[in-house]
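Structure, as structure tokens:
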Amino acid sequence: MEQWLPLFQILLDSPSPEGEASFWLLEQHHEFHSPATSAFLSLLLSPLHSLSSLTASPSSSNPLIWLQTLPFSIQTRILSLLAAESRRFCPRRLQSLACHIMNSDLPSSSDHPAFWVRRAARNLFDALPGSVLESEQRPNENEFDSLPQWLDNIAKTSTPLLPWLPVNVSHLQKAATFELAKKSRSKELVSKDGKIKPLLESEDIDKSPPPLLPRSSQKAAALKTELLAIDCTADSLHLADKIRQLCLESGVGNELKVLELIEPWEATDETLSVLLLHLVNDGGLFSKSWPSYVLCSMALPKLLTLQSPASRALLSATICFCKQQQTAAVEGLIFPLVLHKEGINAMLCDVLVRIIKECFHPSHVSAFCQRLLCGGGKGRKHVFLPGHQGLISEQVVWTESSFHLFQNIMNLEVYFTPDTNDKLVSVIEEMASEFSNSLKFGNFLLCFVTKCSYAVNAYKVQLRDATEKTSTLVTRSILSRLNA
């Protein structure tokens, strides 16, 4: 009885007793074991013959059970809880309890509290599985508490793998396959007959791509020369077909090596736009990383060194590519650009805003902002050529244009997750002194306190302190919003 006192206290005092009682079952007892739930039902169903003679009518054929000694409101809540959590209890005993309440001599008037007890018992009865209600046989009282027959047979094996886990070692060995060695990166293999043998190097699944043949390298050099000499669209289309064919011939895993040898980013923007649009659809011939490889070897190098507004041809082709390949756009373009080692400039900011605005849903933008700022490198994956590694940092390098980018993202009605807001608040605190006279930083801060109510409510003091370090045209506006 004592172990159930907290549960009865919840049922007595809580404004939402069924919900809190369910959480109590989960949190305090995790997944309730059958004996415990059976004990609770046994308590509720305990007959009280001595009290029956005092409280029940003389014509009553059903003796009172312990549940019926409780106030009507508690009875109703207990029956509602049993209906909600019926999967944790023996259905046959729940049926017995519900039938007992419905057959008892309770007042039938809707003005009497007992009316709701009978209604809750009826709801419990209706919540039980149909197979239980239709069956008239009761094969075993302990059926709910006993192990299934198949599990009981396995538990009787003489050599269990673990004393608490009824698994036969021989069954486990026979089921072991090459996948076990693959996932563990082990150099031993458990064969189907249960024997352990060395894993041959030729059987190792985690193979590196085959070495690039000299013939492929020569073809790539020839394509590089041809690329620089292109002067018409027809030649660009023909070259795109040759690049595709060479990547297929070189084998899976060598596509990026081939593209790096060809150096397609050295071509004109018009040629690159044709190549991008022609290679965006691979017909399922390449791996899923192929779009990222194309993007990081053609558009990314151009944009990483962008010092003037991007050409219309390059920007249009890049946006068209990103619309069709959104995952590749994030991995092969947006992440590497935002993580530029020198920070993004105004021209790059304009390109990123156009891509984000035209190619992504606001929820997708919120997701990759969260991965960018809060993943710590683990949540994001970016693809780039080895030769460009020196241009890409592990963390965001904050510049005026970086803050302007995030202001534009917020103006697109993108709602950041709480952890993204937390990270931005810490950045604001850290960078307020450095960008104290920057109007772009001030506009970003004003937009942030206007649109990110969660962060404003949680970090009002920190945001006010950071704002007081600035001296721009919008400082007063920011402070008035924070004070309001």
Side-chain angles (χ1 to χ4, degrees), residues 255-256 259-260 263-267 269 271-282 286-362 364-373 375 377 379-397 399 401-402 404-406 408-409 412 414:
E255 301 96 331
L256 201 58
L259 293 172
E260 186 176 18
E263 298 183 359
W265 62 89
E266 296 291 347
D269 289 354
T271 300
L272 266 186
S273 65
V274 175
L275 293 177
L276 279 171
L277 295 175
H278 195 63
L279 293 173
V280 63
N281 296 316
D282 61 1
F286 294 96
S287 66
K288 62 180 181 180
S289 299
W290 170 252
S292 299
Y293 294 161
V294 172
L295 207 53
C296 78
S297 62
M298 296 187 183
L300 177 61
K302 284 275 188 181
L303 298 176
L304 278 174
T305 57
L306 193 66
Q307 297 297 327
S308 60
S311 67
R312 179 178 299 178
L314 176 61
L315 187 56
S316 299
T318 302
I319 290 174
C320 182
F321 193 105
C322 292
K323 282 181 179 179
Q324 300 182 49
Q325 303 289 343
Q326 294 180 336
T327 301
V330 174
E331 297 177 352
L333 193 66
I334 293 179
F335 276 170
L337 289 179
V338 178
L339 294 170
H340 197 296
K341 200 164 189 177
E342 298 179 358
I344 63 174
N345 54 30
M347 282 69 68
L348 194 51
C349 177
D350 293 339
V351 171
L352 286 168
V353 170
R354 281 283 306 276
I355 295 173
I356 290 171
K357 181 179 180 179
E358 298 187 27
C359 302
F360 295 95
H361 188 273
H364 297 159
V365 182
S366 178
F368 70 67
C369 285
Q370 195 273 341
R371 292 168 58 198
L372 174 71
L373 297 177
R380 59 176 180 258
K381 173 187 176 184
H382 41 274
V383 181
F384 51 85
L385 295 172
H388 299 138
Q389 187 170 4
L391 299 175
I392 298 172
S393 173
E394 287 296 324
Q395 301 295 332
V396 178
V397 177
T399 62
S401 296
S402 301
H404 188 56
L405 170 64
F406 277 88
N408 279 279
I409 289 175
L412 295 175
V414 174

- Over all heavy atoms of both residues, which pair between Leu348 and Asn345 is shortest? Give the atoms and the distance, please. N-OD1, 2.8 Å
- Ignoring hydrogens and geometry, is there a side-chain-to-backbone donor-acceptor pair from Thr399 to Ile344 under 3.5 Å? yes
- CD1/Ile334 to CD/Gln326 distance, rounded to the nearest 0.5 angstrom? 9.5 Å
- Query: Hey, what do you get for CD (Glu358) to OG (Ser316), rounding to the nearest 0.5 Å?
  - Reply: 8.5 Å
- Residues in ring-ring contact (aromatic ring centres under 6.0 Å, His included) with Tyr293, at least two apart? none
- Looking at side-chain heavy atoms only, is the closest gap between Glu331 and Thr327 below 4.5 Å? yes
- Message: If you take the centroid of each ring, where Trp contributes its six-membered ring, are Phe360 and Phe368 closer together than 6.0 Å?
- Response: yes
- Query: Measuring from Phe406:CZ to Leu373:CG, what's the distance to the nearest 0.5 Å?
  - Reply: 4.5 Å
- Query: Which heavy-atom pair separates Ser273 from Ala313 by the least distance, and what is that distance?
  - Reply: CB-O, 3.5 Å
- Query: Is any side-chain heavy atom of Cys359 closer than 4.5 Å to a side-chain heavy atom of Ile319?
  - Reply: yes
- Grab the two heavy atoms, one from His388 and one from Pro301, that are nearest each other, plus how far apart they are. CE1-CG, 3.3 Å
- Which atoms form the tightest heavy-atom contact between Leu306 and Val351, and what is the distance? CD2-CG2, 4.0 Å
- Task: With side-chain contact (heavy atoms from CB on, under 4.5 Å) as the test, would you mind laying out the steps for Ser311 and Leu314 before giving the verdict?
- Result: CA-CA 5 Å; Ser311 67; Leu314 176 61; 3.4 Å; yes
- Message: side-chain contact (heavy atoms from CB on, under 4.5 Å), that's the test. Do Met298 and Leu275 meet it? Break it down for me.
- Response: CA-CA 8 Å; Met298 296 187 183; Leu275 293 177; 3.9 Å; yes
- Does a side-chain heavy-atom distance below 4.5 Å link Cys322 with Leu295? yes
- Task: Can you measure from CG (Asp350) to OG (Ser401) and round to the nearest 0.5 angstrom?
- Result: 8.0 Å
- Query: So how far is it from Leu337 CG to Leu391 CG, rounded to the nearest 0.5 Å?
  - Reply: 10.5 Å
- Message: Under a 3.5 Å threshold, yes or no: a donor from one side chain and an acceptor from the other, between Ser289 and Ser292?
- Response: no
- Report the residues that fulfil ring-ring contact (aromatic ring centres under 6.0 Å, His included) with Phe321, sequence neighbours left out, ordered by chain and then residue number. none
- Query: From Ile356 CD1 over to Ile409 CD1, what is the distance, rounded to the nearest 0.5 angstrom?
  - Reply: 4.0 Å
- Side-chain donor/acceptor of Lys302 to backbone N/O of Ala267, under 3.5 Å: yes
- Message: According to ring-ring contact (aromatic ring centres under 6.0 Å, His included), who are the partners of His278, at least two apart in sequence or on a separate chain?
- Response: none
- Task: Let me know which of Leu303, Leu259, Leu304, Leu385 forms a side-chain contact (heavy atoms from CB on, under 4.5 Å) with Trp265.
- Result: Leu385
- Item | Nearest heavy-atom neighbours spanning Cys296 and Val383 | CB-O, 3.4 Å
- If you look at every heavy atom in Arg371 and Val330, which pair is closest and at what distance? NH1-CG1, 4.2 Å
- Message: Determine whether Thr318 and Arg354 satisfy the following criterion, side-chain contact (heavy atoms from CB on, under 4.5 Å), listing intermediate values before the conclusion.
- Response: CA-CA 10 Å; Thr318 302; Arg354 281 283 306 276; over 6 Å; no
- Task: Any chance you could lay out the side-chain contact (heavy atoms from CB on, under 4.5 Å) test for Val397 and His340, step after step, and finish with the verdict?
- Result: CA-CA 7 Å; Val397 177; His340 197 296; over 6 Å; no
